[in-house]
Amino acid sequence: MQILRAMTLNFTNDPFKVGPEHAAQLNTDGAVCIENGVIIDVGSYDRIGKTYPNTPVEHYTNHLICAGFVDAHVHYPQTGIIASWGKRLIDWLNTYTFPEEMKFHDPAYAQTVAGRYLDLALDHGTTTVASYCTIHPESVDAVFQAAQSRNMRIVAGKTCMDRNAPDGLRDTAQLAYDDSNTLIQRWHGIGRGTYAITPRFSPTSTPDQLAALGALWAENPSCLMQTHLSEQTDEIEWVASLFPSARDYLDTYETFGLLGDRGIYGHAIHLRPREIDRLAEVGAAVVHCPTSNTFIGSGLFDAVGLRAAGITAGLATDTGGGSNFSMLRTMATAYEIGQLRGNALHPAHLFWLATVGSAQALHLQDKIGNLAIGQEADIIAINLASTPAIAQRFAQADDAWQAVFPTLMMGDDRAISASWIAGKKRI
Ligand code: GUN
Ligand code: ZN
C-alpha cells in the first residue's frame with residue numbers, strides 16, 4: 001500500500017452537465033491511496049493519513065495529482081513526420097503520411113517507432129492511447145507488444161484502406177476482414193488491450209471494404225470501431241462524390257454497419273444537424289483533436305454544442321496531424337478554439353475531456369480516467385511551477401484553479417514529474 005499526497009483533482013460528475021463547481025473536486029491538500037495497482041481511497045490528506053497509518057507517503061509539494069491523460073485518437077506510425085510543413089489534409093496524407101506509413105511493413109521499424117512513441121506519450125503524462133496503426137499487421141503487433149511490456153492500457157487496430165492510397169499501402173475487403181479478425185483473436189481483451197476495428201475513413205475504403213468491416217464489428221460487438229469524420233470541407237465534398245447516394249458523411253458509415261455506441265469518430269467538425277442527431281441517438285463518441293485542427297487548418301470543433309446535444313466527447317493529440325505529443329498543449333489549444341467560438345472552457349472542462357471524457361469515448365471509464373475508488377492506478381504528478389514563466393504566474397494565483405491554469409496553458413512534458421502505471425511508479 002502507498003499514499004500519494006499533493007493537490008488532487010477528481011470528478012464526481014460531468015462538468016458540461018452540472019457545471020465545473022459541482023463536478024470537479026480540487027483538494028489543495030489531497031491524497032490517493034493505492035493497493036495492488038488499484039485506487040482504494042481518495043480524499044483529504046488529513047483523513048487518508050489517519051485512516052492508513054504506517055503507510056509510506058510520497059509528498060509532492062506544488063504539484064497536482066490526477067488521472068493519467070487518455071489520448072483518444074493518435075497515429076503512432078506518424079511519430080516520425082510530426083510537424084511537417086505546409087499541407088492541408090489530403091495533400092498532407094499523400095506527401096508525408098503515406099510514404100512514412102509504407103515503412104511499417106518492416107517489423108523492426110514498427111517496433112522501434114511503437115516503443116519510441118509510447119515512451120514519448122508517457123513522458124508527456126499520457127498513460128493510455130487509442131492508436132491507428134498502418135495496413136500492416138506487424139504494426140499492430142508492435143504497438144500491442146510495446147504497450148504490454150510497459151503494462152499500459154491501449155486501444156489499437158489495423159488501419160484498413162483498399163482505394164485512394166498508393167501501391168504497398170492497400171489491402172482488399174477480404175484481407176482487411178481476415179487480418180483484422182486474426183488480430184482481434186490475438187489482442188482484444190488480452191491484458192490491458194482493446195482492439196478497435198479501424199477503417200481509415202470512407203475515401204480510402206470501397207463500399208465492399210466498409211461492409212466487410214461492418215460485418216466484422218457485428219460479429220465482435222465488444223470491439224471498438226474508430227474512424228475519421230468530417231475533418232475538412234474538401235474531404236466532405238470528396239466523400240459526397242465517392243458515395244453519391246449517401247445522405248451525408250456519417251451515412252457512409254451507417255449504411256455499412258459502422259455506426260454504433262462503441263464507434264469513435266475523430267474530428268467531427270463540420271457536422272450537419274442529422275449527423276449530430278444520429279451520433280447522439282446511437283450513443284457514439286466524437287474526439288476533439290484541436291492541435292491537429294489548427295495545424296492542418298481543419299476548423300473549429302464545437303465542444304459545448306456537441307456536449308449539449310448529448311454526445312460523448314474525448315480529447316486527442318492526433319499525432320502526427322497534431323503538432324504535439326502533450327495533452328497539456330492539446331488542452332491549451334482546445335481552450336483557444338473555445339474562445340474563437342465564444343466559449344471560455346473552464347480548466348475543469350479541459351481536464352475532464354483529457355481524462356474522463358476520453359475514457360468514456362473508449363468505454364474504459366470504469367477502469368481509467370479518474371481518481372476514484374476501484375479505478376486502475378494510472379496516475380500523474382504535474383509540477384505547477386515547472387518553468388520560470390509558469391512559476392511566477394503560479395506564485396500570484398489567488399485560488400486553486402488559478403494555480404493550475406497557467407500550467408494548462410503553458411506547460412508541456414517538463415511539467416510531468418512522475419507517473420504510475422497500474423500503481424507502479426515509472427522510473
Ligand atoms: N483522415 C484520414 N486519415 C487521416 C490521418 O492520418 N490524419 C488526419 N488528421 N486525418 C485523417
Ligand atoms: Zn487521425
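Excluded from the calculations below are hydrogen atoms, water molecules and symmetry mates; all remaining heavy atoms, backbone and side chain alike, are included. In listed order, ligands and their atoms are each counted from 1.
In this structure, Phe104 has its ring center under 6.0 Å from that of Tyr76. The aromatic ring centres of Tyr249 and His267 sit 6.0 Å or more apart.
At the top of the distance list for atom 9 (N) of ligand 1, counting protein heavy atoms only, stands Asp318 OD2, 2.8 Å. Taking atom 10 (N) of ligand 1 as the reference point, the nearest protein heavy-atom neighbour is Glu231 OE1, 2.7 Å.
Here is the list of ligand 1 atoms found below 4.0 Å of a heavy atom in Phe201: 1 (N), 2 (C). Atom numbering of ligand 1 starts at 1 in the shown order; those under 4.0 Å from a heavy atom of Arg200 are 2 (C), 3 (N), 4 (C), 5 (C), 6 (O).
Residue contacts with ligand 1 leave out Tyr132, since none of its heavy atoms falls under 4.0 Å from the ligand. A heavy-atom separation below 4.0 Å is found between His267 and ligand 1.
Taking backbone and side-chain atoms together, His267 has no N/O/S atom less than 2.8 Å away from the Zn ion (ligand 2). Distance check for Cys289 against the Zn ion (ligand 2): none of its N/O/S atoms falls below 2.8 Å. Among the backbone and side-chain atoms of Asp318, an N, O or S atom lies under 2.8 Å from the Zn ion (ligand 2).
Within His228, the N/O/S atom positioned nearest the Zn ion (ligand 2) carries the name NE2. Of all the N, O or S atoms in His73, the one closest to the Zn ion (ligand 2) is NE2.
Atom-to-atom distance recorded for Leu26:CG and Cys66:SG is 10.0 Å, nearest 0.5 angstrom.
In Glu235, neither the side chain nor the backbone holds a heavy atom less than 4.0 Å from any atom of ligand 1. The proximity of Trp92 to ligand 1, defined as any non-hydrogen pair under 4.0 Å, is limited to the side chain. For Thr204, no heavy-atom contact with ligand 1 is shorter than 4.0 Å.
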Start with the C-alpha gap between Ile382 and Ile416, add the side-chain angles, then the distance that decides, and say whether side chain to side chain contact (heavy atoms under 4.5 Å, CB included) holds.
CA-CA 5 Å; Ile382 305 175; Ile416 308 300; 4.2 Å; yes
Would Met7 and Val404 satisfy side chain to side chain contact (heavy atoms under 4.5 Å, CB included), going step by step from the backbone distance to the final call?
CA-CA 10 Å; Met7 184 191 289; Val404 169; 3.9 Å; yes
Between Trp352 and Gln360, does the side chain to side chain contact (heavy atoms under 4.5 Å, CB included) criterion hold? Intermediate values first, please.
CA-CA 10 Å; Trp352 189 90; Gln360 285 182 352; 3.5 Å; yes
Using the rule given for ring-ring contact (aromatic ring centres under 6.0 Å, His included), can you reason through Tyr132 versus His228, listing the C-alpha separation, both sets of side-chain angles and the distance that settles it, and then say yes or no?
CA-CA 11 Å; Tyr132 290 60; His228 295 86; 4.9 Å; yes
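Checking each of Thr126, Thr317, Thr319 against Asp71 for a side-chain hydrogen bond (donor to acceptor under 3.5 Å, both in side chains) leaves exactly one that passes, namely Thr317.
Closest non-hydrogen pair, Leu315 versus Ala354, comes out as CD2-CB, 3.9 Å.
Any N or O atom pair closer than 3.5 Å counts here, and Thr97 shares no such pair with ligand 1.
Using bins of under 30°, 30° to 60° and over 60° for the plane-to-plane angle, the ring pair Tyr265/Tyr253 lands in the tilted bin.
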